[in-house]
Amino acid sequence: MTQLVVQGLRLEYPAARGGAPFLALSDVDLAVEKGEFVTIVGPSGCGKSTMLMLIAALLRPTRGAVSLNGQPVAAPGPDRALVFQDFALLPWRNVLKNVELGLEMQGVAAAKRTDIARKNIDMVGLRAFERHYPHQLSGGMRQRVGIARALSVDPEVLLMDEPFGALDAQIRQVMGSELLHIWERDRKTILFVTHDIDEAIYLADRIVVMSASPGRVVQQIKVDLPRPRGLSIRTSAKFNEYRETLWNLLEEQVRQSGSWARGEGGA
Amino acid sequence: MSERAQSLVLGVLGFALLIAAWEICARNGLVNPVVVSSPSRIAAAFARQWASGDLATDLATSAVEFAVGFGAAMVAGVAIGLAMGLNRFVEYAVDPFVWFVYASPLIAFYPLLIVWLGFGFATVVTVAFLLSFVSIAVNTLAGVHAVDPSHMRAVLAFGGGKRDLVFKVVLPASVPHILAGARIGLGRALHGVVLGEMFGSNDGLGYSITRYAAQLKTADVFVPLITLVVLGVAINQASGLLEARLLRWRA
């Protein structure tokens, strides 16, 4: 069943004084099935994070629409929960209170909030840390809090914006496999933005490859690897084929944009 | 002995030596004890003012004026700082007044304050308020401006509204700045109380200092003076402890 539909989504920033308007996202179409794990890859600055913000309705599109279960999306809401690259935890709240944040917005009663939050903190393996403040946690642990916070509101779709981008390579792999673990329990629909090709293949049912700026969808690749996937799958022949295909697609995009020559960063 | 213990012992020792030297000088006529006074005379004056109840009355008067003046400055400072930070138009409209109050030597206004508010409580509280409220407002404003947009985004993403932004992000995020402003404000409010009492009142520790000094009762002057010093140190210590407790979440 198709759950999330993105239609002709376009975002244009008005011209700065004396400049041309900037086209961040150019007419993106995308349909996501319920329970599907979709990863989105593309060169830096291609607008993949922007697309996520548009789906979350933190940004307003210039044209086009997003709909969830047939209903147009107009405002941010708990049906689409975001996980941020910079974690975006509130430093003055301990782990438990951070995870309760989304539930507070929904007006869930205090006792029930704590129950739900604890359950999700347990799930990400932070039971012993619920009274800790973010500054007392490692990057990986902070993002577990971010994931628990997003899962607590029981969203229809989980929007993950390079969630492991700030973590070092090893932690990143572990977090990926733990995320799959959690996903396999309740199969929430996930949209996962990354610039890490291995991560994109390892996690996905389907990979959406985006063009260099202005971003549009260049190709979609179904990932036909068996689940559950162990970390060793990354060395399999089939995984290698996907890796090569993606490399070629992305290299072409990066060359076209010339951003490799200008050394641009950011998403 | 630990370094902490060393610094404590040597600090107390140095202080004791100074007092002993003062006493010796006064007893041997090296300084005029009537003008300079001496520790033993001050101790006697302290006992006298305590027994008569004068000290307790002065202390109570000053403490209440301080609490009301600083309390009002805290409430108004945070409210105005927040309003300025959240709304550009309020900021532009209020900014000149804030800097006017901050930059002007407020004590020059005391004759006017007395004409408007009368001699005593209202004038003293107003001086304390005016002296301390700007540092609280300005720091609160800086706190609001320093709010991390990613924290706002988190609240918005989960469906939070304006109210949530103010009470779940802006206000808690500004607490370190507000406390820094309050710390400055506490000192200035105490100054305000003393100045107000000296120029615009017939009560309190500040007034007693001027009155005893006018009567050349040097030893008696030291009693409210020392009380004020102790009060200032105590307020500073207490606010330090409160700050540490409120800012546990910081690295």
Side-chain angles (χ1 to χ4, degrees), chain A residues 49 52-60 73-95 97-108 113 131-137 142 145-146 148-155 157-161 166, chain B residues 74-75 77-79 81-82 85-86 88 136 139-183 238-251:
Chain A
S49 292
L52 229 50
M53 296 305 143
L54 286 164
I55 294 171
L58 281 178
L59 290 174
R60 219 173 251 288
V73 158
D79 48 358
R80 292 145 290 137
L82 263 165
V83 177
F84 300 92
Q85 179 176 6
D86 62 3
F87 319 131
L89 303 178
L90 304 181
W92 50 87
R93 288 180 172 230
N94 62 27
V95 168
K97 289 287 168 197
N98 261 296
V99 174
E100 286 184 22
L101 181 76
L103 297 163
E104 283 174 32
M105 304 312 172
Q106 286 180 270
V108 178
R113 260 186 347 235
R131 300 277 161 206
H132 283 57
Y133 287 93
H135 82 267
Q136 299 169 304
L137 305 176
R142 284 183 214 182
V145 178
R149 176 175 68 182
L151 290 174
S152 285
V153 297
D154 195 21
V157 182
L158 205 52
L159 304 171
M160 308 186 80
D161 183 17
Chain B
M74 195 69 194
V75 172
V78 171
L82 262 182
L86 294 172
R88 191 158 52 89
I136 299 166
N139 272 278
T140 304
L141 174 63
V144 176
H145 282 164
V147 170
D148 185 338
S150 91
H151 298 151
M152 310 255 259
R153 227 177 34 201
V155 167
L156 289 173
F158 286 98
K162 268 218 160 83
R163 237 186 107 82
D164 295 314
L165 281 181
V166 173
F167 289 103
K168 295 190 196 296
V169 182
V170 174
L171 206 51
S174 305
V175 165
H177 281 87
I178 293 173
L179 289 178
R183 200 92 186 251
S239 74
L241 288 174
L242 183 71
E243 196 172 308
R245 163 124 187 82
L246 285 174
L247 299 183
R248 266 177 318 173
W249 54 270
R250 290 223 291 192

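What you see below is based on every heavy atom in this structure, not just the backbone, and it leaves out hydrogens, waters and symmetry mates. Proteins get letters first, then strands, A, B, ... in listed order; numbering begins at 1 in each.
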Would you give the length of the straight line joining atom [atom1] of [X] to atom [atom2] of [Y], rounded to the nearest 0.5 angstrom?
X: B:W249; Y: A:R93; atom1: CH2; atom2: CZ; value: 12.0 Å
X: B:K168; Y: A:K97; atom1: NZ; atom2: NZ; value: 9.0 Å
X: B:L156; Y: A:L82; atom1: CG; atom2: CG; value: 11.0 Å

Handout entry: Part of A:L159 lying under 4.5 Å from any heavy atom of chain B
Key =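 Contact with chain B involves no heavy atom of A:L159 at all.
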Problem - Residue part contacting chain A, namely of B:R248, when any heavy atom lies under 4.5 Å - result: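 Contact with chain A is through both the backbone and side chain of B:R248.
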Handout entry: Contact origin within B:V155 toward chain A - heavy atom pairs under 4.5 Å
Key =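 Both parts, backbone and side chain.
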Exercise for the section: Starting from the C-alpha separation in whole Å, work towards a yes-or-no answer on salt bridge (charged side-chain N to carboxylate O under 4.0 Å, His left out) for A:D161 and B:R153. Expected result: CA-CA 13 Å; A:D161 183 17; B:R153 227 177 34 201; over 6 Å; no
Practice task
Find the one option among B:G160, B:S150, B:G159, B:G161 whose heavy-atom pairs under 4.5 Å with chain A are most numerous.
Solution key: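 Highest number of pairs under 4.5 Å: B:S150.
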Given the options [options], which has more heavy-atom pairs under 4.5 Å with chain B than any of the others?
options: A:Q136, A:R80, A:E104; result: A:E104
options: A:P91, A:P76, A:A81; result: A:P91
options: A:Q106, A:R149, A:H132, A:M53; result: A:R149

Exercise for the section: Output, in order, the C-alpha distance, side-chain angles, deciding distance and verdict of side-chain contact (heavy atoms from CB on, under 4.5 Å) for B:L246 and A:W92. Expected result: CA-CA 9 Å; B:L246 285 174; A:W92 50 87; over 6 Å; no
Practice task
Please check if the side chain of B:H151 supplies one atom and the backbone of A:A88 the other of a donor-acceptor pair under 3.5 Å.
Solution key: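 Flag not set: sc B:H151 to bb A:A88 has no pair under 3.5 Å.
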Practice task
Using a 4.5 Å cut-off on heavy atoms from C-beta on, say whether the side chain of A:V153 contacts that of B:F158.
Solution key: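 Yes, at least one pair of side-chain atoms sits under 4.5 Å.
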